[in-house]
Amino acid sequence: SNYVDYRLVMQRQPNQDGACGNFNGEASDDSTAAVFSRIGARVPSGLLLFNERAPVGFTDVEKKLMTMCEPETLSKAQSGCEEMLKSRGSPSRVEMQSCMLDVCYGANEHVLKLAKSMGWTDNSLHA
């Protein structure tokens, strides 16, 4: 399995926002782009739960998936991700690639099956 289903029940907190949205009941402002525009792409260093960040990389399968993205979608992904991430300064190559991969395949429920057919394993996340 490559995911965990998790349900957290709590009272809404002032200024609450993050990967699950801002809990205002408006699903339309909970997209990845909307959340990034409000709070950025990464958790600020002072708010990390652990002493250091885990290294972020781009696997060979992810690189291959990028080459398979439709050219028009890839072009829109590049310009959209540059625009979205520029508010945080100069995005790293991995941030750009990850954002573009989300644009290319984020809504594709079959991308995991495709990635597995290309040799992806749970261990390849750490490549």
Side-chain angles (χ1 to χ4, degrees):
S1 173
N2 69 333
Y3 67 94
V4 174
D5 285 328
Y6 189 80
R7 181 175 181 203
L8 177 66
V9 179
M10 60 184 277
Q11 297 294 317
R12 184 175 178 198
Q13 304 295 307
N15 303 314
Q16 185 172 347
D17 208 343
C20 296
N22 58 11
F23 299 93
N24 65 355
E26 301 274 338
S28 63
D29 69 359
D30 291 338
S31 68
T32 300
V35 172
F36 280 10
S37 73
R38 291 191 301 266
I39 64 171
R42 305 277 318 252
V43 174
S45 296
L47 298 177
L48 292 174
L49 294 176
F50 303 101
N51 292 332
E52 57 189 53
R53 292 184 191 279
V56 178
F58 214 64
T59 67
D60 290 339
V61 171
E62 289 168 323
K63 290 174 189 171
K64 178 68 175 171
L65 285 169
M66 288 293 288
T67 67
M68 298 167 62
C69 182
E70 294 292 326
E72 184 177 327
T73 302
L74 189 60
S75 178
K76 287 179 182 178
Q78 182 168 1
S79 59
C81 290
E82 284 172 352
E83 181 67 26
M84 180 177 61
L85 294 171
K86 75 179 181 183
S87 66
R88 304 267 304 164
S90 181
S92 72
R93 193 178 75 135
V94 171
E95 286 175 317
M96 275 296 295
Q97 289 174 325
S98 297
C99 178
M100 292 169 64
L101 190 67
D102 285 347
V103 173
C104 288
Y105 297 102
N108 184 340
E109 64 188 57
H110 302 292
V111 75
L112 178 60
K113 184 176 181 179
L114 174 62
K116 284 184 176 183
S117 75
M118 296 168 55
W120 178 84
T121 66
D122 290 344
N123 292 333
S124 68
L125 285 175
H126 306 290

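Values below: all heavy atoms of this structure, side chains included; hydrogens, waters and symmetry mates excluded. Nothing fancy with the numbering, it's 1 onward along the sequence.
Tracing side-chain contacts under 4.5 Å through hydrophobic residues (I, L, V, M, F, W, Y), one never reaches Val35 starting from Phe23; they form parts of separate clusters.
Counting heavy atoms from C-beta on, the side chains of Met84 and Cys99 come closer than 4.5 Å.
Distance check, rounded to the nearest 0.5 Å: OH of Tyr105 to CD of Glu62 gives 11.5 Å. If you take CE on Met66 and CD on Gln97, they are separated by 6.5 Å, rounding to the nearest 0.5 Å. To the nearest 0.5 angstrom, Asp60 atom CG is 11.0 Å from Leu65 atom CG.
Gln11 is linked by a side-chain hydrogen bond (donor to acceptor under 3.5 Å, both in side chains) to nothing, counting only residues two or more places apart in sequence or in another chain. For the side-chain hydrogen bond (donor to acceptor under 3.5 Å, both in side chains) test, residues two or more places apart in sequence or in another chain that qualify with Asp29 are Asn22, Asn24. Contacts of Glu83 classified as side-chain hydrogen bond (donor to acceptor under 3.5 Å, both in side chains), with partners at least two apart in sequence or in another chain: Lys86. Annotation: salt bridge (charged side-chain N to carboxylate O under 4.0 Å, His left out) contacts of Glu82 (sequence neighbours excluded): none.
Among all heavy-atom pairs drawn from Cys104 and Thr73, the shortest one is CA-CG2, 4.0 Å. Across every non-hydrogen atom of Asp30 and Gly21, the tightest pair is OD1-CA, 3.2 Å.
One N or O on the side chain of Ser37 and one on the backbone of Ala34 form a donor-acceptor pair closer than 3.5 Å. Side-chain atoms of Thr67 come within 3.5 Å of backbone atoms of Lys64 as a donor-acceptor pair (strictly under, hydrogens ignored). No side-chain donor-acceptor contact under 3.5 Å links Ser75 to the backbone of Pro71.
The salt bridge (charged side-chain N to carboxylate O under 4.0 Å, His left out) contacts involving residues 11-26 comprise Asp17-Arg38, where partners must be two or more places apart or lie in separate chains.
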### Message
Could you go through Phe58 and Met96, starting from their C-alpha distance and side-chain angles, then the distance that decides it, and tell me whether this counts as side-chain contact (heavy atoms from CB on, under 4.5 Å)?
### Response
CA-CA 11 Å; Phe58 214 64; Met96 275 296 295; over 6 Å; no

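Cluster partners of Leu49, by chain and number: Phe50. The rule joins Ile, Leu, Val, Met, Phe, Trp and Tyr whenever side-chain heavy atoms lie under 4.5 Å apart.
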